[in-house]
**Student:** 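Handing you this structure, nothing more for now.
It should be emphasised that the depicted structure is a prediction, and the values quoted were computed from it without experimental measurement. FYI, side chains are in, hydrogens and waters are out, and symmetry mates aren't considered; it's all heavy atoms of this structure. Ligands are counted one by one from 1 in listed order, and the atoms in each one are counted from 1 as well.
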Amino acid sequence: MSDKPEIIYDEALVPAYELPDPLVCLDGTPVKEAQTWRETRRPELIRLFEEHMFGRTPGWLDYQRSEVLDEDSRALGGLATRKQVRLHFSPALGGPTLDLLIYLPNDIKRPAPVFTGLNFAGNHSVTHDPQVLISEAWFPEGWWNVENHQATEAGRGMAASQWQAERVLGRGYGLVTACYAELDPDVDDFSNGIHPLFYQPGQTCPAVDEWGAIGAWAWGLSRMMDYLEGDPDVDAARVALMGHSRLGKTALWAGAQDERFAAVISNASGCGGAALSRRRFGETVGSINTAFPHWFCKNFHAFNGQEERMPFDQHMLLSLMAPRPVYVASAAEDLWADPRGEFLAAYHAGPVFRLLGEEGLPSDEMPGLRQPLRNRVGYHIREGGHDVTEYDWDCFLDFVDEKIVRE
Ligand code: GTR
């Protein structure tokens with residue numbers, strides 16, 4: 001017999017749990033006014049997620065420089081203008097950089113609203129466009145289309161269906177992406193990526209309450225936003241942040257901390273993202289911290305098998321987007337990510353939205369497949385597995401159209 005807890009895939013085995021109330025402060029004070037949320041409870045929740053889950057960002061970099069690598073106004077058959085821009089985070093040669101792939105639609109008046117998000121396998125994986133540069137990031141052994149830890153031409157367009165660039169551009173949005181591995185390779189090693197830029201003398205890894213990899217990836221999204229704010233062709237007040245899976249967890253944490261993101265979309269973010277931890281359905285805090293010890297801060301490991309001790313749950317992470325629109329997408333066969341737990345977290349973020357004068361989800365009854373709900377909190381579940389599909393993008397586009405573009 002192993003002492004490993006069984007993974008729960010049966011609703012009847014979900015333990016009874018009680019969710020902490022987003023509208024009660026740690027000292028027991030109820031939050032009855034928007035001002036108390038803003039000035040007391042919201043900052044308190046950010047601190048709790050920093051200290052116990054994602055880790056705090058240990059400071060600011062006073063260096064950031066951008067370098068335009070390429071610009072072409074006739075990209076994707078004339079549909080878009082493509083820019084490739086390299087962000088440098090250190091004056092040192094060979095210091096960490098992040099390459100942004102930016103497509104802006106040609107047939108709308110600029111500045112354009114944009115979707116942004118990190119990708120898993122390099123910017124060249126996002127479209128078939130032959131001009132997109134191949135990422136120079138270090139990838140772990142066994143990553144898709146990688147040789148000697150480097151991405152190859154074989155990966156070009158491999159994630160095109162997950163990004164739907166032409167569809168997004170056709171609906172009048174730009175698309176801005178960068179590869180997460182350039183910020184921090186996805187392995188349990190803190191000697192590379194951006195972490196060392198923040199170390200104190202003699203420090204070799206983050207302290208127990210300092211950021212893991214997700215914190216570093218989320219930091220990168222904010223640096224992308226810094227760049228977008230300075231680009232006159234981009235409507236920086238209408239940037240929708242989208243992330244899938246581990247990058248969905250990242251999008252939620254970036255959106256919680258950085259209110260410049262006008263809307264945040266989580267696709268199949270599961271455990272540590274939109275799914276409630278206390279349900280222990282599918283992936284659990286213990287399993288995620290074991291398989292990916294570098295994603296969260298070390299303090300988070302104290303909750304392995306002890307989710308009920310957490311001073312928060314993931315509905316509170318979603319509530320940190322309020323009053324900005326937030327959308328959660330699940331897939332029926334993606335049980336590892338706990339679709340019901342994702343829905344319930346979105347539902348239980350509702351009281352914060354209502355306090356701020358916005359509508360949450362209407363009921364705790366899950367909608368059927370392909371019946372998107374579009375209140376200020378949005379949700380859909382589709383058939384199929386762990387992926388981002390054309391249908392998902394249609395829903396994201398409808399949601400963002402309605403909430404931040406047509407409003
Ligand atoms: C899984 C992990 C999930 C999810 C996924 C992904 O292996 O257990 O939490 O994030 O990876 O990022 O694709």
**Student:** Against heavy atoms of Ile288, which atoms of ligand 1 measure under 4.0 Å?
**Tutor:**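 Within the 4.0 Å cut-off of Ile288, ligand 1 contributes 9 (O).
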
**Student:** What residue and atom, counting heavy atoms only, is the protein's closest point to atom 7 (O) of ligand 1, and at what distance?
**Tutor:** Phe292 CZ, 3.5 Å

**Student:** In this structure, does ligand 1 have an atom that sits under 4.0 Å from one of the heavy atoms of His386?
**Tutor:**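 The answer is yes: ligand 1 sits under 4.0 Å from a heavy atom of His386.
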
**Student:** Kindly confirm or rule out a cation-pi arrangement of Arg370 over Tyr391, judged by NZ or CZ under 6.0 Å from the six-membered ring centre and within 45° of its axis?
**Tutor:**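 Relative to the ring axis of Tyr391, which defines the angle, Arg370 lies inside both limits.
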
**Student:** Counting heavy atoms only, which part of Leu247 comes closer than 4.0 Å to ligand 1: side chain, backbone, both or neither?
**Tutor:** neither

**Student:** Is the shortest distance from a Lys or Arg side-chain nitrogen in Glu67 or Arg86 to a carboxylate oxygen in the other one below 4.0 Å?
**Tutor:**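 The answer is no: the pair does not qualify as a salt bridge.
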
**Student:** Before signing off on this row, confirm whether Arg246 and ligand 1 have an N or O atom pair separated by under 3.5 Å.
**Tutor:** yes

**Student:** Between Trp163 and Trp393, what is the ring plane arrangement, given parallel below 30°, perpendicular above 60°, and tilted in between?
**Tutor:** tilted

**Student:** Once you measure the plane-to-plane angle for Tyr379 and Phe343, does it fall in the parallel (<30°), tilted (30-60°) or perpendicular (>60°) bin?
**Tutor:** perpendicular

**Student:** With a 4.0 Å cut-off, would you call Asp233 and Lys83 a salt bridge?
**Tutor:** yes

**Student:** Identify the closest protein heavy atom to atom 13 (O) of ligand 1: which residue and atom is it, and at what distance?
**Tutor:** Ser245 OG, 2.7 Å

**Student:** In terms of residue, atom name and distance, what is the protein heavy atom nearest to atom 3 (C) of ligand 1?
**Tutor:**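 Protein heavy atom at minimum distance: Glu283 OE1, 3.2 Å.
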
**Student:** Under 4.0 Å from any heavy atom of Lys249, which atoms of ligand 1 are there?
**Tutor:**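 Within the 4.0 Å cut-off of Lys249, ligand 1 contributes 3 (C), 4 (C), 9 (O), 10 (O).
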
**Student:** Any N or O on Trp295 sitting closer than 3.5 Å to an N or O of ligand 1?
**Tutor:**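 Between Trp295 and ligand 1, no N or O pair is found under 3.5 Å apart.
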
**Student:** Any ion pair linking Arg171 and Asp398 (charged N to carboxylate O, less than 4.0 Å)?
**Tutor:** yes

**Student:** Please determine if Arg42 and Glu259 form a salt bridge, counting it only when a charged side-chain N lies under 4.0 Å from a carboxylate O.
**Tutor:**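 Yes, this pair counts.
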
